[in-house]
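The block underneath contains the structure these notes are about, expressed in structure tokens.
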There are 2 protein chains.
Amino acid sequence: MLTESASLDDGKLSTPIFRSTRNDALEFRRPSTSFIPRGRALFWEGEEEAQKIEIVEGVVRAVRLLENGNRQILAFYWPGDVVMPTHSTNQQYTAEAVTDCRVIRSKVSGVCRSDEPCGAHQVLADTLSLVLTMSQKNCVARIAWLLLRIRPHLPADLKRPEALRLQLPRADIADHVGTSLETVCRTLAEFKAKKLIDLPNRKTIRFINLEGLARISNGPAFD
Amino acid sequence: MLTESASLDDGKLSTPIFRSTRNDALEFRRPSTSFIPRGRALFWEGEEEAQKIEIVEGVVRAVRLLENGNRQILAFYWPGDVVMPTHSTNQQYTAEAVTDCRVIRSKVSGVCRSDEPCGAHQVLADTLSLVLTMSQKNCVARIAWLLLRIRPHLPADLKRPEALRLQLPRADIADHVGTSLETVCRTLAEFKAKKLIDLPNRKTIRFINLEGLARISNGPAFD
DNA sequence: CGTTATTTTGACCCATGTCAATACGGGTGG
DNA sequence: CCACCCGTATTGACATGGGTCAAAATAACG
């Protein structure tokens, strides 16, 4: 599958906490904090464990694989989010690390209540809005919608003022909004040309005109 | 499952339009069936009642409405199915009668467990496969997929042997698989021309070549 | 520095949405 | 029972969004 080269290429820029000093080399100071290298799965479809996973650092994607090799990314999860299996008989999706991650695993009860909803409720909300977005909006609107959604979670790029580190590769964006990698590129270029965003480099984004993006994300009707 | 002869169309003559719904405060009361005319809502987005609704007869759709007036049908429910609100703070969808329906309402607890999952789990499973279908398959495959899914639930057409009563209007099919009404028509006509199905009239369908339909529903890769 | 993964840009064209005209067909009232 | 009517369905013509293939450019990595 993916290279688990454990090279902290992403980590060194985005994760000042992790690896900040040599002394912290072992993260086991904090109980049950574990490290997940980029590309590795946190759990798989079909796994039955009842656990919850809090993301401390990094980005996680919920994925369903398909017969033909294609994949659908159902949702992204960010630091502070808690990822849980649906407690049905088996997972409906796989959780994978988009970037190097640090997470905290803990047990969870078999029932879910309003104060502690299980993974199903969490994923449901995301998935519902995804279905709506996918079925009602065109590619441009979907990508604008995605950018606005992820923006609050993106870490600042230390070197460039006002710029954020876009942590998702183009392919992941494409597999989330249900389009091709090429269309993502073209659309981002279009946004840049329209001065809605700036792209200092491939992994960095600067939001310039949020209202414009929001208007586009509402769909072609409002151009 | 529960194959009813289901000639409710006649039944509405003798049935009182609406049994005034006072919520049965006592859980163990013998449930009474209520009649829901075509087009009426069983519950709405945002409603907070904790109830479950068993469909005795007819078809129900789970709908989300959109700003621009479009709608997305998340799922259809059939006799024997139990429709439940997600027990989160509010509904994520509206339930409406596609055809005249008879249903049984009853109270439900605030928690959900494996043996009695709440609406979220139910809708989640449907919605997940919907997302996958929508993002990965073309219109033809999506419509074939829908036909195969609804087939087990369709009541027989008494007058024509082997024929089933297609209870969903074209518009509902379109709003479920995320395409236009016209494309649904064209695709059905195409299936008929290829002798995969027959359409004796607008509300009747006869399945001829299930394998062929299944192949198409797997996507364009397998033509 | 050479090699590889990721991204960008271009060319082409098919599937599907949209607009528009027509044809059913099932209720309703006479 | 018939004729009318309106919602639903069908079919056609047309434009285009976005998928696919291909090649080049950039960044990442040893």
Side-chain angles (χ1 to χ4, degrees), chain A residues 1-14 38-39 68-70 98-100 134-144 165-175 177-193 197 199-205 216 219-221 223, chain B residues 9-10 12-13 37-39 68-70 98-100 134-144 157 159 165-175 177-193 199-205 216 219-221 223:
Chain A
M1 299 249 184
L2 291 180
T3 67
E4 337 154 323
S5 47
S7 55
L8 303 176
D9 56 311
D10 268 327
K12 57 187 156 194
L13 286 177
S14 72
R38 179 160 82 99
N68 49 3
N70 291 355
V98 176
T99 67
D100 291 333
M134 303 259 288
S135 62
Q136 305 291 341
K137 299 178 179 176
N138 61 16
C139 280
V140 177
R142 297 210 288 268
I143 293 170
R165 303 219 9 262
L166 179 59
Q167 306 189 275
L168 312 179
R170 305 287 190 270
D172 278 19
I173 296 177
D175 285 347
V177 302
T179 186
S180 66
L181 189 156
E182 293 93 330
T183 298
V184 172
C185 278
R186 275 187 264 265
T187 305
L188 290 180
E190 179 189 331
F191 289 167
K192 181 179 182 178
I197 61 174
L199 297 168
N201 70 48
R202 290 170 169 184
K203 300 190 149 183
T204 312
I205 185 170
I216 289 182
D223 288 354
Chain B
D9 320 68
D10 329 321
K12 78 177 166 191
L13 301 171
R38 179 161 82 101
N68 50 3
N70 291 355
V98 176
T99 67
D100 291 335
M134 303 259 287
S135 62
Q136 306 292 340
K137 299 176 179 179
N138 62 17
C139 279
V140 177
R142 297 210 289 269
I143 292 171
D157 183 329
K159 318 191 169 163
R165 300 218 334 267
L166 180 59
Q167 306 189 275
L168 311 179
R170 304 288 189 270
D172 278 18
I173 296 176
D175 285 346
V177 302
T179 185
S180 66
L181 189 155
E182 293 92 330
T183 298
V184 172
C185 279
R186 274 187 265 265
T187 305
L188 289 180
E190 178 189 330
F191 288 167
K192 181 178 181 178
L199 297 167
N201 70 46
R202 290 171 168 185
K203 300 190 151 181
T204 312
I205 185 171
I216 289 182
D223 289 354

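The chains referred to below are lettered A, B, ... by the order of the sequence lines, with proteins before strands, and numbering in each begins at 1.
B/L188 places its CG atom 10 Å from the P atom of D/dT11, with the value rounded to the nearest Å. For the pair B/N70 CG and C/dT18 P, the interatomic distance rounds to 8 Å; values are reported in whole Å. For the pair B/D100 CG and C/dG26 C1', the computed distance is 15 Å after rounding to whole Å. Distance NZ (B/K203) to P (D/dG7): 15 Å, rounded to an integer number of Å. Between B/M134 atom CE and C/dG17 atom P the separation is 11 Å, expressed in whole Å. Counting to the nearest Å, the C1' atom of C/dG17 and the NZ atom of A/K137 are 19 Å from each other. For B/I173 and D/dT10, the CD1 to P distance is 9 Å, given to the nearest whole Å. Between the C1' atom of C/dG17 and the CG atom of B/D175 lies a distance of 14 Å, rounded to the nearest Å.
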Would you tabulate the pairs of protein nitrogen or oxygen atoms and nucleotide nitrogen or oxygen atoms of nucleotides 22-25 of chain C closer than 3.5 angstrom?
| residue | atom | partner | partner atom | Å |
| --- | --- | --- | --- | --- |
| C/dC24 | O2 | B/R202 | NH1 | 3.0 |

Between the protein and nucleotides 9-14 of chain C, list every N/O to N/O distance that falls short of 3.5 Å.
| residue | atom | partner | partner atom | Å |
| --- | --- | --- | --- | --- |
| C/dG10 | N7 | A/R186 | NH1 | 3.0 |

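Looking at which nucleotide of DNA chain D each of A/R142 and B/A171 is closest to, the 5′-most match is held by B/A171.
Interatomic distance, A/K203 NZ to A/R165 CZ, rounded to the nearest 0.5 Å: 7.0 Å. Between the CG atom in B/D157 and the CG atom in B/N201 there is a gap of 7.0 Å [rounded to 0.5 Å]. Rounding to the nearest 0.5 angstrom, the gap separating the CD atom in B/E190 from the OG1 atom in B/T183 is 10.5 Å. Taken to the nearest 0.5 Å, the CD1 atom of A/I143 stands 10.5 Å off from the CZ atom of A/R186. Here the straight-line distance linking atom CD of A/Q136 with atom CG of B/D175 works out to 7.5 Å at 0.5 Å rounding. Here the CG-CD1 distance, from B/L168 to B/I173, works out to 5.5 Å after rounding to the nearest 0.5 Å.
Two residues are said to be in side-chain contact when any heavy atoms from C-beta on lie closer than 4.5 Å; A/L188 and A/R170 meet this criterion. At a threshold of 4.5 Å between non-hydrogen side-chain atoms, the residues A/E182 and A/C185 do not count as touching. Residues B/V98 and B/P169 have side chains in contact (heavy-atom distance under 4.5 Å, counting atoms from C-beta outward). At least one side-chain heavy atom of A/R38 sits less than 4.5 Å from a side-chain heavy atom of A/D100.
Between A/T179 and the phosphate of D/dG19, there is a side-chain N or O to OP1/OP2 separation shorter than 4.0 Å.
Between A/M134 and A/V177, the closest heavy-atom pair is SD-O, 3.2 Å. Contact detail for B/I216 and B/A141: the closest heavy-atom pair is O-CB, 3.3 Å.
For A/R170, the listed nucleotide lying nearest its side chain is C/dT7; candidates were C/dT16, C/dT7, D/dG19. Distances were taken from every side-chain heavy atom of B/N138 (C-beta onward) to each of D/dG18, D/dA28, C/dA15; the shortest belongs to C/dA15.
Each end of the helix from C/dC1-D/dG30 to C/dG30-D/dC1 yields a helix axis from five base pairs, and these two axes differ in direction by 50° (to the nearest 10 degrees).
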